[in-house]
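What follows is a set of notes on a single structure, which appears directly below.
Within every chain, numbering begins at 1; the chains are lettered A, B, ... in the order of the sequence lines, protein sequences first and strands thereafter.
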There are 2 protein chains.
Amino acid sequence: MSDLAAALEVIGARWALLVVERLLEGPQRYGDLQRDLGAPTNILATRLRELEAAGVLYRLPLRHNTRAYALTDRGLALREAIVALGRWGGAVRGQVQA
Amino acid sequence: MSDLAAALEVIGARWALLVVERLLEGPQRYGDLQRDLGAPTNILATRLRELEAAGVLYRLPLRHNTRAYALTDRGLALREAIVALGRWGGAVRGQVQA
DNA sequence: CGGCGTACTTGCATTTTGCAAGTGTCGAGG
DNA sequence: CCTCGACACTTGCAAAATGCAAGTACGCCG
């Protein structure tokens, strides 16, 4: 399996990379992620569990039944890839059809 | 929708980015892609159609019922993102568990 | 004409994703 | 003490995507 395939096993599932992108701006709570991304709540919960298990993010307890999700070093290391993909996506949108 | 989400709409489906990665090494025929990637044939056919429609690759006729798939400029522009993701995936594999 | 290579398509089982509604817990307010 | 609301999920079920295996189409070669 290639390095790319290994990466996609971790962040290739739907919503996963969008969650990481959002967390690049700082720790976020569950409800914020859900509202900002518009992701289904059960999928979001599943992704957060998977990404935590993969060491991409961790839970940061705040108050009683409130916690935040924040990126680990491994998660922060995705910034370069996310920026590159974002630039590509933006460039593609800029062209009606090349 | 963010730029990243726009990118994922095009290359977020399973196998899509792996196809592009393979084509970065030059035009490939259907059978080669299938054997190298190990992707199911119906999915591969679907992806190739989608990626062609998105202007990421195009069909290059060779002999009678033989053609090759090659990247457009838009497809080649994914190189940076793919390299970045590949590096991340390789780095993650390098650590047993951080 | 019959078999071979190439590029797919088709039918159906399995898995993933999505929607809507429900559950558990804690703290504040009455 | 008891209810209510906020928050973070879970659960049940429908829809869509993915995967496997087998089949189809099309020319060329003998």
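- For A:Trp15 and C:dT16, the shortest distance from a side-chain N or O to OP1 or OP2 is not below 4.0 Å.
- Linking Ile, Leu, Val, Met, Phe, Trp and Tyr whenever their side-chain heavy atoms come within less than 4.5 Å puts A:Leu18 and A:Leu76 in one cluster.
- A:Leu57 has its side chain out of reach of A:Val20: every pair of non-hydrogen atoms, C-beta onward, lies at least 4.5 Å apart.
- To the nearest angstrom, C1' of D:dA6 lies 13 Å from CG of A:Asp32.
- For DNA chain D, the residues of residues 35-43 of chain A within the heavy-atom distance limit of 4.0 Å (strictly under) are A:Thr41, A:Asn42, sorted by number.
- B:Arg29 has its CZ atom 10 Å from the C1' atom of C:dG5, to the nearest Å.
- Comparing D:dT18, D:dC9, C:dC26 by their closest approach to the side chain of A:Arg67 singles out D:dC9.
- No more than 12 heavy atoms of other residues, nucleotides or ligands lie within 6.0 Å of CD in A:Glu80, so this atom counts as exposed by the packing criterion.
- For B:Tyr30, the side-chain atoms get nearest to C:dC8 when compared with the rest of C:dC8, D:dT10, D:dA17.
- Rounded to a whole Å, the CZ atom of A:Arg49 is 15 Å from the P atom of D:dA8.
- Checking side-chain atoms of B:Trp15 against main-chain N and O of B:Gly38 turns up no donor-acceptor pair under 3.5 Å.
- Atom CZ in B:Arg63 sits about 25 Å away from atom P in D:dA25, given to the nearest Å.
- You'll find the side chain of B:Arg22 reaches within 4.5 Å of the side chain of B:Asp36, heavy atoms only.
- No side-chain heavy atom of A:Val56 sits less than 4.5 Å from a side-chain heavy atom of A:Val19.
- In this structure, CD of B:Gln34 is placed 14 Å from C1' of C:dG5, rounded to the nearest angstrom.
- When the side-chain nitrogen and oxygen atoms of A:Arg14 are compared with OP1 and OP2 of C:dT15, none of them lie within a distance under 4.0 Å.
- Rounding to whole angstrom units, CG of residue B:Asn65 and C1' of C:dT9 are separated by 15 Å.
- Heavy-atom distances to DNA chain D give each of A:His64 and A:Arg59 a nearest nucleotide, and the one nearer the 5′ end belongs to A:His64.
- In this structure, A:Leu62 places its CG atom 18 Å from P of D:dA6, rounding to the nearest Å.
- Here C:dC8 presents its C1' atom at 16 Å from CZ of B:Arg47, a figure rounded to the nearest Å.
- By the 4.5 Å heavy-atom criterion applied to side chains, A:Leu48 and A:Tyr30 are counted as neighbours.
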